[in-house]
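Here the structure is laid out as structure tokens; the discussion comes afterwards.
Reminder, nothing fancy here: chain letters follow the sequence lines and each chain counts from 1.
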Amino acid sequence: MSSPEPRTGSPPPAPAPLPTGRGIELVLLAFAAVLVTGALALVEANQEQELTQALLWVGLAYLALFTIAHLAVRRFAPYADPLILPCVALLNGLGLVMIHRLDLARVERALAAGRDTPVELVARQVAWTAIGLALFVAVMWVVRDHRTIARYAYTAGFSGLVLLALPGLLPSSISEVNGAKLWIRIGGVGIQPGEFAKILLIVFFAAFLVQKRDLFSTAGRRFLGMELPRARDLAPLVVAWGLSVGVLVLERDLGTSLLFFGIVLVLLYVATERVSWLLIGLTFFLGGCLIAYQLFGHVRVRVQVWIDPFSDFENTGFQIAQALFGLGTGGVGGTGLGAGRPDLVPYAESDFMLSSLGEELGLIGLAAILIIYLVLITRGLRSALAVRDSFGKLLATGLAFTLALQVFIVIGGASKLIPLTGLTLPFLSYGGSSLVANYALVAMLLRISNAARAPLPRRPPAPLPPIAEAGTELVERPS
Amino acid sequence: MNTPVRRVAIAVMAMVLLLMGNLTYVQVVQAGDYRSDPRNQRVLLAEYSRKRGQIGAEGQILASSTETDDRLRYLRQYSDGPMYAPVTGYYSITYSSSGIERAADAVLNGSDDRLFARRLSDLITGRDPSGGNVLLTIDPAVQRAAYEQLTERGYTGSVVALRPQTGEILAMVSTPSYDPNKLASHDADERMAAWQQFNEADPPVLPNRAISETYPPGSTFKLIDVAAALASGRYTPDSQLTAASAITLQGTNTQLGNFNGNACGTGETASLRDALQRSCNTAFAQLSAELGEQVIRQQAEAFGIGTSDLRVPMPVATSTIGAIPDTAALQQSSIGQRDVALTPLQNAMVVAAIANGGVMMQPHLISQVQSQDLQPVETTNPDRMGQAVDASVARTLTELMVNNENSYSGSGKITGVQIAAKTGTAEHGANPQSVAPHVWYVAFAPADDPQVAVAVLVESGGDRNNLAATGGTVAAPIGRAVIRAALGTDR
């Protein structure tokens, strides 16, 4: 880049240094900090809490936390996409504000009922955010090149399956919360290993598909106009997929099993570029749904509640009905932060974060949040487009699409578009495992986007051999 | 691999659009239904988070909302709850509302159109929205006198006092009463216990006897007979009627006797004046048979009996003289028995019309609706309901009622104030001979310049075993005490 060559002559002119975008990222992070502090001030004002200087410190502390993340990005992935971290920061910040707001409501209720003051969830969520950001920095520091992860594909796949199955094997006293065995709880702190298994399995699926993608698209029999791969090529994928979905179904985690199903299908489609895989997958999906509907009582209940939550208002339909009341009361403009009653919805800070935000921020606020997600996801997919290696493309697609599908399942579930399944809104909902795991996910996305945007190391152009001496060579088909 | 990734991106955008579409449907199209669903607690909580307006009467606050630090921000409080409960009603988060709380809800919760300007300014200035105030026509001194008279004696009954010229309701009492504070409590257990207790109470405490219950008016109904007779022009106070102690109802073998079986005076006949004074049933049975059903019915209707849409603004039970199939029935009805049933308010309206020269005024409880900052928004103007009798008939009736009052014994007479009155003792129940009668006292005073008209009803004579209870001995002292309070002679 610094070669002082004359601008004229045969070698192409040196390109101007690529903008890293780090300045934009810092400005956007500061903007997110201002928005989050403003939102917090609104909550305090509407809840008739005193506005103190503490608010300013909270805002500054928040900015400091993400400045550290920003510096880590500067150090380890200087060309990473500048929009991804600010989107995450804004979502995380809004989540913290809403969790704090719900804390205030719970404290008020406890006071009125003469109960002890409940634990402030926001303090825990802040701690989880710090842990998440630590993992974020660690991933970026350790993984200098995303392609190295592919080497550990089978290890990742295996440990992912173990993590996924672990809560099912542990005694219920450690693993069961509200009827779903998804937890490992030791000494009051619980994590959901499934959230981490999600990322490990995506790594496995992406690496596996890159290794075998030629086989999927070429070898095999033709059946009904579609190329089917040989069973032995597909076996590890099918086994891993089947196991993970099976385990989740047994653990009654319908949301995560739906998530896995969708991700693998999309990865298969992207790897093979064949729509037929989507069709086969969807056929299997519908078949699976029918079987699950026949076999499992809790699935039938979910469907019944989805069709008409008000038919059993007092029991099974209560949650979704309350969520709809919250959303409806919010309307277009919302009641204003801190001025609604989101605490009337059960699990308002986790599964039904959407209705809490929808009540107080209204349709306009939810649209803004959806757009933030959309920017985050499309920036991830953009990295997939731009990165040069197939594994990076698949991995980035998988990670970005995970976020997309999870957002769709959660928001669709809480607003009665699809049956309700228990999942959390990435970065917004209360929940340690989800937050920490998603920070790891974002670190990997940033790593891939850095690889996509960083300038290639300039090599001196190889002297062209005379045309007569040029040999034939195998050219890889462009992807 | 880029083409499928682009398609995935398009699919993601489609998913977001789908979510947006569905959220728009929920938050815009269906929002109204969800917002107003009675199971949506937010509606109720929002109502409780607004400062509800006050109910007041002549400088006294009867119902107000005070801020609390619990989940329901405002607690509804009633001063002298049981005394004013028939008027204010209650306002409860679980048991709805009654009385003025219900009838004037739109004003009190601030949604009334007359309060629109203030609502708009609340919206702009960000001030907490609050409700308007309702000022009542109730005179606290009269209300207190009536309530204490009934409760001191342990009576089950009702008192209504009206200002004859305007129809203002000065007192509306029903005993035994209940404490609306308990139903408005924010403590669910206390509310529930009170609700259960009030509903199981015997005698019942929740119904407002003044306007929601009807009773046979007994002899007080004879005022309507006399009005009809005088208006017909065929009778004067001196017209002679039978003085027999009992007569046979026309077309039957049933005997109708006077109270205690006495004859109506010493002669063969008695004047209309004496018959009214002694409340001789036989004379009025004869009179009504001579007048005919149509005349009595029309006169009753002229006094408002049978009006079904009366509101004060609470809806008032419809008073009726019932079906009168034959003359025998007419004769029984003419002494306020059989199917004749009046609310205490209706009976007060009858005497108020006589006091007001025959002009019936629309009874009302709300004197003024005020905005949140106590500016009058609407003041109730006296409203004529109609002419019940000519002024001359009203004058004659007054004369006869003065004659009645002066002949009554009983305590509580007020020196220097001439009262015009009529008592009533009404049999009721399936076996009248073994149940104490309802006793009435309707009156107005001063006779020459009426300031107040009252109706007093004591259920079952105030004492379940006192079969000899009469309007004169049981109800009249209460009425006189109320009149005394209304005239301010003991202030």
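- Across all non-hydrogen atoms, the minimal contact from A:L381 to B:A9 is CD1-CA, 3.4 Å.
- In this structure, the portions of A:T329 lying under 4.5 Å from any heavy atom of chain B include both its backbone and its side chain.
- Both the backbone and the side chain of A:F408 come within less than 4.5 Å of a heavy atom in chain B.
- Inter-residue side-chain proximity for A:K393 and B:N2 is flagged as met; some heavy-atom pair is nearer than 4.5 Å.
- Using the six-membered ring where Trp is involved, B:Y34 and A:F310 have ring planes that are parallel, under 30° apart on the 30 and 60° scheme.
- Of the listed residues (B:L19, B:D33, B:V5, B:V26), the one with the most heavy-atom contacts under 4.5 Å to chain A is B:L19.
- Within residues 82-89 of chain B, no residue has any heavy atom closer than 4.5 Å to a heavy atom of chain A.
- When heavy atoms are compared at a cutoff of 4.5 Å, A:V266 approaches chain B solely by way of its side chain, counted from C-beta outward.
- Between B:V16 and A:I377, every side-chain heavy-atom pair lies at or beyond the 4.5 Å cut-off.
- Proximity to chain B is limited to the side chain of A:T378, based on heavy atoms less than 4.5 angstrom apart.
- Using a 4.5 Å heavy-atom cut-off against chain B, the contacting residues of residues 364-372 of chain A are A:L366, A:A367, A:L370.
- When every heavy atom of B:A31 is checked against every heavy atom of A:G328, the shortest pair comes out as CB-O, 3.4 Å.
- Between the B:N22 side chain and the A:G412 main chain, no donor and acceptor come within less than 3.5 Å of each other.
- B:Q27 places no side-chain N or O within donor-acceptor distance of the main-chain N or O of A:V332, the cut-off being under 3.5 Å.
- Nearest heavy atom pair, residue A:E273 against residue B:P4, reads CG-CG, 3.6 Å.
- The salt bridge (charged side-chain N to carboxylate O under 4.0 Å, His left out) pairs that include a residue from residues 79-103 of chain B are B:R52-B:E101, B:R76-B:E101, B:D80-B:R144, where partners are two or more places apart or lie in different chains.
- Side-chain contact between A:Y269 and B:R7: present, with at least one pair of heavy atoms (C-beta onward) separated by less than 4.5 Å.
- The heavy-atom pair separating B:R42 from A:V345 by the smallest distance is NH2-CG2, 3.6 Å.
- Residue pairs satisfying the salt bridge (charged side-chain N to carboxylate O under 4.0 Å, His left out) criterion with at least one member in residues 323-336 of chain A, sequence neighbours excluded, are absent.
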